[in-house]
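Lettering follows sequence order; numbering is per chain, from 1.
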Amino acid sequence: MESDFLIPFLKRIQVLISEQVRLSHLGLENVRTTCGADVAYRGDVGVAVVVCKGDEERVSTVKGKVGFPYIPGYLFMREAPIIMKALEGVRFDLLLVDGHGLAHPRRSGIATVMGVLLKVPTIGIAKSRLAGEVVKEGDREYLLLQGERVGVKVGRYYYSPGNLVDLDDVLELSGKGYPEVLREADRLSKKLAKESDE
DNA sequence: GCGACAG
DNA sequence: ATCTTGTCGC
């Protein structure tokens with residue numbers, strides 16, 4: 001499909017990024033504004049939507065041709081560019097991304113990549129598993145990767161730290177149900193993608 | 001080689 | 001993710 005040198009190259013970028021992650025405690029009580037980002041498609045045209053709630057409420061949208069295919073493990077190459085464009089000028093304390101954070105083969109999911117590149121707190125929330133094993137511990141299910149807890153599964157969703165947050169922040173967020181900002185970003189992006197050619 | 005595989 | 005109607009079930 002792709003060249004034989006692109007994937008190895010991207011792998012190195014991911015390893016480098018994962019080494020820059022800081023798992024510090026954010027404390028959701030200090031979060032004034034939370035944003036959720038998602039992307040919907042119409043062929044090769046993507047529509048990125050960022051929905052923010054809290055002190056600063058706003059919606060940002062960017063539509064454009066996406067020049068990279070979806071390759072498991074490399075989602076950031078397809079969606080991070082257009083999402084980051086939609087984030088320009090947007091202020092927030094926490095960014096929620098549709099996809100994984102540390103729960104990735106190289107601890108470098110899209111939430112982690114964006115968190116490190118933008119130097120902002122991020123948490124990844126995915127609808128299915130990519131890496132790690134689900135292990136029950138008491139009343140909850142954790143995602144274990146290389147013997148380390150890299151996330152938690154609540155209902156059909158997987159939550160994992162992206163950057164500048166810790167597992168406690170993720171556990172607290174996961175206990176509040178699927179984030180409204182993500183639900184709205186998902187709904188609006190799909191709506192705009194569908195209308196983009198009708 | 002075989003199975004797995006975010007959106 | 002997207003292509004797609006109705007239908008089974010809580």
Q: Rounded to whole Å, how long is the line connecting atom CD1 of A:Ile125 with atom P of B:dG7?
A: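 Nearest whole value for this atom pair: 12 Å.
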Q: Expressed as a whole number of angstroms, how long is the span from A:Lys127:NZ to B:dA6:P?
A: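 From A:Lys127 NZ to B:dA6 P: 12 Å.
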Q: Think A:Ser128 has a side-chain N or O under 4.0 angstrom from the OP1 or OP2 of B:dC5?
A: no
Q: Using a 4.0 Å heavy-atom cut-off, does A:Gly124 contact any base of the nucleic acid, only the sugar-phosphate backbone, or nothing at all?
A: nothing
Q: Write down the distance between CG (A:Leu96) and P (B:dA6), rounded to a whole number of angstrom.
A: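 Between P of B:dA6 and CG of A:Leu96: 20 Å.
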Q: Side chains of A:Lys136 and A:Tyr142: donor-acceptor distance under 3.5 Å anywhere?
A: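 A:Lys136 vs A:Tyr142: no donor-acceptor pair found between side chains.
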Q: Output yes when A:Arg91 and A:Asp55 qualify as a salt bridge under the 4.0 Å nitrogen-oxygen rule, no when they do not.
A: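 A salt bridge is absent here (no side-chain N lies under 4.0 Å from a carboxylate O).
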Q: Check the distance between B:dG7's P and A:Tyr41's OH and give it to me in whole angstrom.
A: 11 Å
Q: Expressed in angstrom and rounded to an integer, what is the separation of A:His104 atom NE2 from B:dG7 atom C1'?
A: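 Distance, rounded to whole Å: 12 Å.
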Q: Is the distance from OP1 or OP2 of B:dA6 to the nearest side-chain N or O of A:Arg129 less than 4.0 Å?
A: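 Result: no.
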Q: Starting from P on B:dG7, measure out to CZ on A:Arg156 and report it in whole angstrom.
A: 9 Å
Q: Could you check whether A:Glu137 pairs with A:Arg149 (Lys NZ or Arg NE/NH1/NH2 to Asp/Glu carboxylate O, under 4.0 Å)?
A: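 Yes, A:Glu137 and A:Arg149 are salt-bridged.
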Q: Starting from Watson-Crick (N1-N3 plus N6-O4 or O6-N4) and G-U wobble pairs under 3.5 Å, report the runs of at least three that DNA chain B belongs to.
A: none
Q: Return no unless some side-chain N or O of A:Arg42 is found under 4.0 Å from OP1 or OP2 of C:dC3.
A: yes
Q: Identify whether the distance between the nearest side-chain nitrogen and carboxylate oxygen of A:Arg183 and A:Glu180 falls below 4.0 Å.
A: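 Between A:Glu180 and A:Arg183 there is a salt bridge, with a charged N closer than 4.0 Å to a carboxylate O.
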Q: Looking at A:Tyr41, I'd like to know if the NZ or CZ of A:Arg78 sits under 6.0 Å from its six-membered ring centre while staying within 45 degrees of the ring's axis.
A: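 Geometry flag: set, cation within 6.0 Å and 45°.
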Q: Touch check for A:Ala103, heavy atoms < 4.0 angstrom, all strands: base, sugar-phosphate only, or nothing?
A: nothing
Q: It should be established whether A:Lys190 places a side-chain nitrogen or oxygen under 4.0 Å from OP1 or OP2 of nucleotide C:dA1.
A: yes
Q: Using a cut-off of 4.0 Å on non-hydrogen atoms, how would the nucleic acid contact of A:Tyr157 be classed: base, sugar-phosphate, or nothing?
A: nothing
Q: What's the CG-C1' distance between A:Leu182 and B:dA6, to the nearest Å?
A: 13 Å
Q: Check whether any side-chain N or O of A:Ser189 sits under 3.5 Å from a backbone N or O of A:Val47 as a donor-acceptor pair, and report yes or no.
A: no
Q: Indicate whether A:Tyr70 forms a stack on B:dG7; treat it as stacked only if centroid distance is below 5.5 angstrom and interplanar angle below 30 degrees.
A: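 Ring-base stacking flag set for A:Tyr70 and B:dG7.
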Q: Under a 3.5 Å cutoff, is there a donor and acceptor pairing between the side chains of A:His25 and A:Asp169?
A: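 A pair is found: one side chain offers a donor N or O, the other an acceptor, under 3.5 Å apart.
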Q: Measure from CG on A:Leu130 to C1' on B:dA6 and round the result to the nearest Å.
A: 5 Å
